[in-house]
K.L.:
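One structure is given below, represented as structure tokens, and several questions about it will come after.
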Amino acid sequence: MASKFIVAGPASQSVAVQVANLLEIPVVETEFKKFPDGENYIRLNVEDESIFNGSDMIIIQSADFPQNDHLMELFYLISIAKRVEAASIRVVVPYLAYSRQDKVFRPGEAISAKLILQMIVQAGANEFVTIDIHAPEVLSNLGIPATSLDSTPLLANYLKSRDLVNPVVISPDKGSRDRSAQFASLIGAELVLFDKSRDRITGEIDMEGEAELNGRDVAIVDDIIATGGTMATALGIAKNAGARNLYALCSHALLIGNALFKLSKLECEVIGTNAVNSPVSVVSVAPIIAKHFKE
Ligand code: R5P
């Protein structure tokens with residue numbers, strides 16, 4: 001049987017080690033830096049690269065901020081795996097940057113999500129795995145198997161350990177409805193649908209929604225918390241309606257700018273996964289990644 005290695009990309013060190021431990025296979029450290037002119041450098045920290053010849057290499061590297069650096073490091077890691085003649089190169093990108101640029105919203109735009117995926121394939125990946133991608137349609141027709149793993153049960157299990165009172169799950173927008181319904185059923189909560197619209201140019205959010213929330217615990221689960229605008233708007237409505245405890249759960253806690261401030265002002269608990277490293281990344285996605293590679 002071919003030997004297997006996990007490569008721990010700079011952006012996903014702890015999750016890579018966790019996956020390697022769960023799969024009981026070696027994990028390879030990387031050495032990385034930026035040259036003074038801004039170019040990225042990365043190498044596998046080994047003395048003898050012939051150990052990778054004919055092996056299965058699983059590269060784990062998220063593409064969170066600084067996303068372009070992390071993507072360049074990922075492309076280099078794939079090209080290294082190809083050069084050392086790995087038999088298969090499986091690429092796990094727990095958070096795929098640019099995933100929200102999945103279609104042409106305004107004339108003259110690039111479909112960046114698709115291009116990034118094509119570059120990963122072009123670099124030499126034989127399989128692509130991510131977590132809760134914003135628009136799963138971009139994974140079609142890549143020419144290699146591509147999967148978006150679902151972290152909803154992990155987040156639901158985490159929240160279930162709280163003593164929830166008459167819980168409600170609010171779906172903040174159309175895109176989050178299926179996932180919110182799944183989450184509500186997993187934690188035994190009522191589902192309430194809100195409607196969000198966003199100005200494509202200013203990014204400003206408008207949200208409508210009503211529900212009987214007095215004294216009830218309210219949870220919202222989304223794929224991404226970026227500026228925190230979506231969560232803060234929906235949870236603000238819930239708070240004004242008399243909700244008791246507020247929970248903001250997400251797969252990818254990007255927490256741009258004042259996101260944590262906005263959510264903290266609402267006294268809301270923010271819960272994310274380690275698909276992205278952040279101060280709220282308390283739920284590990286390692287078990288679902290390991291399970292994927294065991295099957
Ligand atoms: C949008 O459709 C996504 O699912 C998230 O709701 C959005 O990306 C969150 O962004 P922000 O935190 O900036 O409102």
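Both counts, for ligands and for their atoms, begin at 1 and track the order of listing. Residues: numbered from 1 along the sequence shown.
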K.L.:
Can you tell which of His252, His134, Lys174 gets a heavy atom nearest to atom 2 (O) of ligand 1?
P.N.:
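Checking each option, the heavy atom nearest atom 2 (O) of ligand 1 is found in His134.
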K.L.:
With heavy atoms under 4.0 Å as the rule, classify the contact between Asp222 and ligand 1 as side chain, backbone, both or neither.
P.N.:
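The answer is the side chain.
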K.L.:
Answer yes or no: is there an ion pair linking Lys103 with Glu137, defined by an N-O contact shorter than 4.0 Å?
P.N.:
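Answer for the salt bridge query: no.
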K.L.:
Who's the nearest protein heavy-atom neighbour of atom 8 (O) of ligand 1, and how far?
P.N.:
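Here the nearest protein heavy atom works out to Arg100 NH1, 2.7 Å.
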K.L.:
Should Ile224 be counted as touching ligand 1, given the test is an N or O pair under 3.5 Å?
P.N.:
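So ligand 1 has no N or O lying under 3.5 Å from an N or O of Ile224.
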K.L.:
Between Asp132 and Arg179 (salt bridge meaning N to carboxylate O under 4.0 Å), is one present in this structure?
P.N.:
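Yes.
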K.L.:
A quick test of your reading: do over 12 heavy atoms of other residues, nucleotides or ligands sit less than 6.0 Å from CG of Asp199?
P.N.:
yes
K.L.:
Which ligand 1 atoms, with their elements, are less than 4.0 angstrom from a heavy-atom of Gly228?
P.N.:
11 (P), 12 (O), 13 (O)
K.L.:
Ignoring hydrogens and geometry, is there a side-chain-to-backbone donor-acceptor pair from Asp223 to His252 under 3.5 Å?
P.N.:
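Such a contact is absent between Asp223 side chain and His252 backbone.
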K.L.:
Considering only non-hydrogen protein atoms, determine which one is nearest to atom 14 (O) of ligand 1 and report residue, atom name and distance to 0.1 Å.
P.N.:
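Ranked first by proximity to atom 14 (O) of ligand 1 is Thr230 OG1, 2.6 Å.
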K.L.:
Can you name the closest pair of heavy atoms from Ala232 and Lys262 and give their distance?
P.N.:
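Taking Ala232 first and Lys262 second, the nearest heavy atoms are CB-CB, 4.1 Å.
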K.L.:
Shortest non-hydrogen contact from Ser281 to Val276?
P.N.:
OG-O, 2.6 Å
K.L.:
Considering the heavy atoms of Lys196, write down every atom of ligand 1 situated less than 4.0 Å from one of them.
P.N.:
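Listed by number with element: 1 (C), 6 (O).
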K.L.:
Backbone, side chain, both or neither: what part of Arg198 comes under 4.0 angstrom of ligand 1, heavy atoms only?
P.N.:
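Looking at Arg198 and ligand 1, just side chain atoms fall under 4.0 Å.
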K.L.:
Relative to the heavy atoms of Asp173, which atoms of ligand 1 are at a distance of less than 4.0 Å?
P.N.:
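Every atom of ligand 1 under 4.0 Å from some heavy atom of Asp173: 2 (O), 6 (O).
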K.L.:
At a 4.0 Å threshold, what atoms of ligand 1 neighbour a non-hydrogen atom of Ile225?
P.N.:
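Per the distance check, 12 (O).
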K.L.:
Quick check: are there more than 12 heavy atoms from other residues, nucleotides or ligands sitting under 6.0 Å from CZ of Phe293?
P.N.:
yes
K.L.:
Can you name the atoms of ligand 1, numbered from 1 with element, that are less than 4.0 Å from a heavy atom of Gly229?
P.N.:
11 (P), 12 (O), 14 (O)
K.L.:
Give the residue and atom name of whichever protein heavy atom lies nearest to atom 4 (O) of ligand 1, and the separation in Å to one decimal.
P.N.:
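Heavy-atom neighbour on the protein nearest atom 4 (O) of ligand 1: Asp223 OD1, 2.5 Å.
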K.L.:
Got a sec, which pairs hit ring pair (Phe, Tyr, Trp, His ring centres under 6.0 Å) with one end in residues 33-57, sequence neighbours left out?
P.N.:
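Sorted result for residues 33-57: Phe5-Phe52, Phe35-Tyr41.
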K.L.:
Any nitrogen or oxygen of Met231, side chain or backbone, less than 3.5 Å from one on ligand 1?
P.N.:
no
K.L.:
Considering residues, nucleotides and ligands other than Lys239, do more than 12 of their heavy atoms fall under 6.0 Å from its NZ?
P.N.:
yes
K.L.:
Any idea which protein heavy atom is nearest atom 13 (O) of ligand 1, and the distance to it?
P.N.:
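Residue, atom and distance for the closest contact: Thr227 OG1, 2.5 Å.
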